[in-house]
Amino acid sequence: MAKQYWLFKSEPEAYSIDDLAKEPGQTCHWDGIRNYQARNTLRDKIKVGDGVLFYHSVKKPMAVVGVCEVVREGYPDHTQFDANSKYYDPKSDPDDPRWYMVDIKLVEKFLRPVTLEEIKETEALFDMFLCRKGARLSVQPVTASEWKVIRRLGKRKPE
DNA sequence: GCCAACGTTGGC
DNA sequence: GCCAACGTTGGC
């Protein structure tokens with residue numbers, strides 16, 4: 001299958017790209033996703049080798065801050081069975097897990113963040129899922145052309 | 001801090 | 001299966 005592209009949102013105060021950069025192997029589990037549409041994407045669609053845009057939400061600057069690669073495809077999110085986790089889901093059956101995650105590895109942190117503001121001003125990115133009204137989905141598809149444009153913007157040297 | 005837009009839950 | 005109530009997300 002052709003390489004696919006995705007955008008993962010995270011609030012940087014919960015988990016930022018710098019946190020990922022400090023992980024052993026710069027790899028992490030993308031756990032804690034508790035939305036069925038996002039779950040289906042994690043479980044069924046995302047494949048090893050796919051590209052991921054790492055997006056910081058809520059805290060300014062809201063922006064795509066780097067690029068990751070999927071290193072392990074959908075498997076059950078262990079935090080759903082951990083009563084001490086804030087992602088604990090007592091209704092999930094271990095024999096039929098409700099929630100899934102993937103593992104991603106940092107490829108590069110951008111030289112500069114590609115802000116939401118800038119994305120909204122870039123014609124080639126007008127149709128991005130991120131720009132749609134009420135697009136709260138935290139795991140969303142990105143097209144190959146959007147991917148290229150964002151990467152190019154991120155590689156541009158800071159002013 | 002506000003609130004619109006969604007998603008989920010649970011009573012009926 | 002409907003839908004009101006509630007909770008959350010996330011930009012402003």
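Below, chain A is the first sequence line, B the second, and so on; all start at residue 1.
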Problem - Distance in angstrom units between A:H56 NE2 and C:dT9 P, rounded - result: 17 Å
Handout entry: Any A:I46 side-chain heavy atom under 4.5 Å of A:E73 side chain
Key = no
Contacts under 3.5 Å, N or O only, protein and nucleotides 10-12 of chain B:
none

Handout entry: Note, A:E118 side chain near A:R112 side chain (heavy atom, < 4.5 Å)
Key = yes
Problem - Side-chain heavy atoms of A:K109 within contact of A:D18, under 4.5 Å - result: yes
Practice task
Check step by step if salt bridge (Lys or Arg N to Asp or Glu O under 4.0 Å) holds for A:K45 and A:D50.
Solution key: CA-CA 10 Å; A:K45 302 212 175 99; A:D50 283 359; over 6 Å; no
Problem - Any side-chain heavy-atom pair of A:I119 and A:I150 under 4.5 Å - result: yes
Exercise for the section: Compare all side-chain heavy atoms of A:N35 with those of A:S138 and state whether any distance is below 4.5 angstrom. Expected result: no
Fill in the blank from the handout: With A:D77 as partner, the option from A:R98, A:R34, A:R39 fulfilling side-chain hydrogen bond (donor to acceptor under 3.5 Å, both in side chains) is A:R34
Completion exercise
Residues of residues 115-123 of chain A with a heavy atom under 4.0 Å from any atom of DNA chain C, listed by number, are A:L116, A:K120
Practice task
Answer yes or no: does atom CG of A:D127 have more than 12 heavy-atom neighbours from other residues, nucleotides or ligands under 6.0 Å?
Solution key: no
Please tabulate, one pair per line, each protein N/O and nucleotide N/O from nucleotides 2-8 of chain C that are separated by under 3.5 Å, including the distance.
residue	atom	partner	partner atom	Å
C:dT8	O2	A:R136	NH1	2.6

Exercise for the section: Mind telling me whether A:Y75 and A:H29 have parallel, tilted or perpendicular rings, with 30° and 60° as the class edges? Expected result: perpendicular
Handout entry: Sub-4.5 Å side-chain heavy-atom contact between A:W99 and A:R43
Key = no
